[in-house]
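Following: one structure in structure tokens, then a few remarks.
Along the sequence shown, residues carry numbers from 1.
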Amino acid sequence: MSGPEQVATGVQLDPDRIETVELILDLSQAMTANLCAAAREHGLTPPQARAVLGLGAPAPMRDLANHLSCDKSHVTGLVDGLERLGLVDRQPDPRDRRVRHLVLTPAGQRVRDQLRVRLYVDAPAVGNLTPTEEEQLRALLRRALQPTD
């Protein structure tokens with residue numbers, strides 16, 4: 001492999017770092033493509049599929065917004081679509097009737113199960129790893145995603 005490359009700003013680019021980032025981007029693209037295909041199979045957008053995956057238990061919309069890292073107003077549109085598809089119901093919180101909990105319908109639970117199999121069991125790329133390699137990758141990813149000080 002060749003040595004560091006200098007860009008116009010004078011910064012040195014390490015070829016190993018370039019390869020690492022490019023591989024992460026390729027993996028991300030493969031995982032995103034799988035999510036998009038799985039969503040399409042169920043007539044969902046990728047954000048709707050992520051919402052269905054995030055609704056394991058009844059939860060207020062703010063929790064789903066946090067899970068999706070988006071504004072609560074965006075979740076309203078996602079949930080409206082999921083409700084029209086018969087995948088989600090909005091139910092009042094028994095302790096605070098002003099709060100609505102999102103609950104998967106039986107059809108929503110079936111779709112969630114199918115998405116989970118497609119994304120987690122039949123996952124591209126990680127299926128090529130041994131259990132030990134997958135454990136090492138999880139540890140490395142957790143470490144890479146830790147906030148830096």
**Request:** Show your reasoning for whether side-chain contact (heavy atoms from CB on, under 4.5 Å) applies to Leu87 and Leu44.
**Result:** CA-CA 11 Å; Leu87 302 179; Leu44 302 174; 3.7 Å; yes
**Prompt:** Does Met31 belong to the same Ile/Leu/Val/Met/Phe/Trp/Tyr cluster as Leu145, with side-chain heavy atoms less than 4.5 Å apart forming each link?
**Reply:** no
**Item:** Sidechain N-carboxylate O distance under 4.0 Å for Asp80, Arg90
**Value:** yes
**Request:** Please check if the side chain of Glu133 supplies one atom and the backbone of Thr130 the other of a donor-acceptor pair under 3.5 Å.
**Result:** yes
**Request:** To the nearest 0.5 angstrom, please state how far the CZ atom of Arg112 sits from the OG1 atom of Thr105.
**Result:** 12.5 Å
**Message:** Donor-acceptor pair, distance only, cut-off 3.5 Å: does the side chain of Ser28 make one with the backbone of Ile24?
**Reply:** no
**Request:** Report the distance from atom CZ of Arg100 to atom OG1 of Thr76, rounding to the nearest 0.5 Å.
**Result:** 12.5 Å
**Request:** Start with the C-alpha distance between Glu41 and Arg118, add both sets of side-chain angles, then the distance that settles side-chain contact (heavy atoms from CB on, under 4.5 Å), and finish with yes or no.
**Result:** CA-CA 11 Å; Glu41 289 171 7; Arg118 171 73 183 266; 2.4 Å; yes
**Prompt:** Yes or no on side-chain contact (heavy atoms from CB on, under 4.5 Å) for Leu102 and Val79, after CA distance, side-chain angles and deciding distance?
**Reply:** CA-CA 8 Å; Leu102 303 174; Val79 172; 3.6 Å; yes
**Message:** Any non-hydrogen side-chain atom of Gln48 less than 4.5 Å from a side-chain atom of His42?
**Reply:** no
**Message:** Under 4.5 Å between side-chain heavy atoms, counting indirect links through other Ile/Leu/Val/Met/Phe/Trp/Tyr residues: same cluster for Val111 and Val103 or not?
**Reply:** no
**Message:** As a quick check of understanding, evaluate side-chain contact (heavy atoms from CB on, under 4.5 Å) for Val126 and Tyr120, giving each step before the final call.
**Reply:** CA-CA 9 Å; Val126 295; Tyr120 305 145; over 6 Å; no
**Request:** Taking all heavy atoms of Leu35 and all of Ala49, pick out the closest pair and write down the distance.
**Result:** CD1-CB, 4.0 Å
**Message:** Closer than 3.5 angstrom, by distance alone: can the side chain of Asp93 be matched with the main-chain N or O of Arg95 as a donor-acceptor pair?
**Reply:** yes
**Prompt:** If you look at every heavy atom in Leu82 and Ala51, which pair is closest and at what distance?
**Reply:** CD1-CB, 3.9 Å
Pairs under 3.5 angstrom only: tabulate donor-acceptor contacts from the side chains of residues 59-72 to other protein residues two or more places apart or in another chain.
unit_1 : atom_1 : unit_2 : atom_2 : d
Asn66  : ND2    : Arg62  : O      : 3.4
Asp71  : OD2    : Ser73  : N      : 2.9
Asp71  : OD2    : Ser73  : OG     : 2.4

**Item:** side-chain contact (heavy atoms from CB on, under 4.5 Å) involving Asn128 - partner list, sequence neighbours excluded
**Value:** none
**Request:** State, with a plain yes or no, whether a side-chain heavy atom of Leu78 is found less than 4.5 Å away from one of His74.
**Result:** yes
**Asked** Nearest heavy-atom pair of Gly86 and Ala107: which atoms, and what distance?
**Response** O-CB, 3.8 Å
**Fill in**
Heavy-atom closest pair (Val52 atom, Gly108 atom, distance to 0.1 Å) is CG1-O, 3.9 Å
**Asked** What's the spacing between Glu22 CD and Leu27 CG if we round to 0.5 Å?
**Response** 13.0 Å
**Item:** Closest heavy-atom pair and its distance - Val88, Glu83
**Value:** O-CG, 3.4 Å
**Asked** Are Arg110 and Pro106 side-chain neighbours, meaning at least one heavy-atom pair lies under 4.5 Å?
**Response** yes
**Item:** Atom pair CG/CD of Leu141 and Gln146 - distance to nearest 0.5 Å
**Value:** 11.5 Å
**Message:** Glu135: which residues meet the side-chain contact (heavy atoms from CB on, under 4.5 Å) condition with it, sequence neighbours left out?
**Reply:** Arg138
**Message:** Tell me if the CD atom of Gln12 is crowded by more than 12 foreign heavy atoms within 6.0 Å.
**Reply:** yes
